[in-house]
Amino acid sequence: MPDFTAKVYKIVKKIAKGKVMTYKQVASLAGNKKAFRAVGNALNKNKDFHNIPCHRVVRSDGKVGGYAFGNQCKRKKLALEGVIITKGKIDLKQYKTA
DNA sequence: ATTATGACCGAAG
DNA sequence: GCTTCGGCCATAA
């Protein structure tokens with residue numbers, strides 16, 4: 001798989017339970033802070049989704065963002081891990097991984 | 001090489 | 001607050 005995608009997976013795998021990371025952050029850690037779009041693209045068509053907590057990746061605004069299995073499924077998983085979503089948004093100050 | 005796509009971001013209306 | 005637009009990037013065809 002492409003190098004960039006591999007980096008993205010590696011980073012997303014490191015996100016702790018009950019925590020989230022923005023696409024922007026992941027892109028930055030992957031080497032290109034402007035590739036946040038490519039990050040979402042990679043996670044969308046990724047085949048290792050059962051090996052990666054891709055539901056812990058959210059938008060910079062705090063919105064959940066998208067999900068291959070459905071937006072509601074993503075929120076559900078986050079809720080089960082302790083992430084409370086208010087008005088469809090996440091409190092990044094509290095859950096965002098530094 | 002060029003075009004089209006997408007789980008985005010930021011600014012503007 | 002929400003919608004629209006332009007810009008950005010990696011991937012696939």
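What you see is a predicted model; the values in this text were computed from it and never measured. In what follows, chains carry the letters A, B, and so on, assigned in the order in which the sequence lines appear, proteins first and then strands, with residues in each chain numbered from 1.
- The structure places CD1 of I52(A) at 11.0 Å from CD1 of I11(A), a figure rounded to the nearest 0.5 Å.
- Between K45(A) atom NZ and dC9(C) atom P the separation is 16 Å, expressed in whole Å.
- Each of dT11(C), dC9(C), dA7(B) was ranked by its minimum atom distance to the side chain of T5(A); first place goes to dT11(C).
- A straight line from NZ of K24(A) to P of dC9(C) spans 14 Å, rounded to a whole angstrom.
- Once rounded to the nearest 0.5 Å, the distance linking CG of D48(A) with CE of M1(A) reads 5.5 Å.
- Among the atoms of the strands shown, only primed sugar atoms or phosphate atoms (P, OP1, OP2) are found under 4.0 Å from some heavy atom of F4(A).
- In this structure, S60(A) does not reach the dC8(B) phosphate: none of its side-chain N or O atoms is under 4.0 Å from OP1 or OP2.
- The CZ atom of R37(A) sits 11 Å away from the P atom of dC8(C) (whole-angstrom rounding).
- Distance alone, capped at 3.5 Å, is enough to place a donor-acceptor pair between the T97(A) side chain and the V20(A) backbone.
- Between E81(A) and K19(A) there is no salt bridge, since no side-chain N of the basic residue sits under 4.0 Å from a carboxylate O of the acidic one.
- With DNA chain C read from its 5' end, the first of the two nearest nucleotides for N41(A) and F36(A) is the one closest to F36(A).
- For T22(A), no side-chain nitrogen or oxygen approaches OP1 or OP2 of dC8(B) to under 4.0 Å.
- Straight-line distance from the NZ atom of K34(A) to the C1' atom of dT11(C): 20 Å, rounded to whole Å.
- Atom NZ in K47(A) sits about 14 Å away from atom C1' in dA7(B), given to the nearest Å.
- Closest of all the heavy-atom pairs between M21(A) and I15(A) is CB-CD1, 3.6 Å.
- Within 4.0 Å of D61(A), counting heavy atoms only, lie sugar-phosphate atoms of the nucleic acid but no base atom.
- One interatomic measurement links the two molecules: CE of M21(A) to P of dA7(B), which rounds to 21 Å at whole-angstrom precision.
- Between N32(A) atom CG and dC8(B) atom C1' the separation is 13 Å, expressed in whole Å.
- Contact check, R59(A) against dA7(B): no side-chain N or O comes under 4.0 Å of OP1 or OP2.
- Nearest-nucleotide positions on DNA chain C place K89(A) closer to the 5' end than the other of K89(A) and V39(A).
- Using a 4.0 Å heavy-atom distance criterion, N44(A) is classed as a base contact.
- Spacing between atom OH of Y23(A) and atom P of dG10(B) amounts to 14 Å, rounded to whole angstrom units.
- Nucleic acid contact class of A35(A) (heavy atoms, under 4.0 Å, all strands): sugar-phosphate only.
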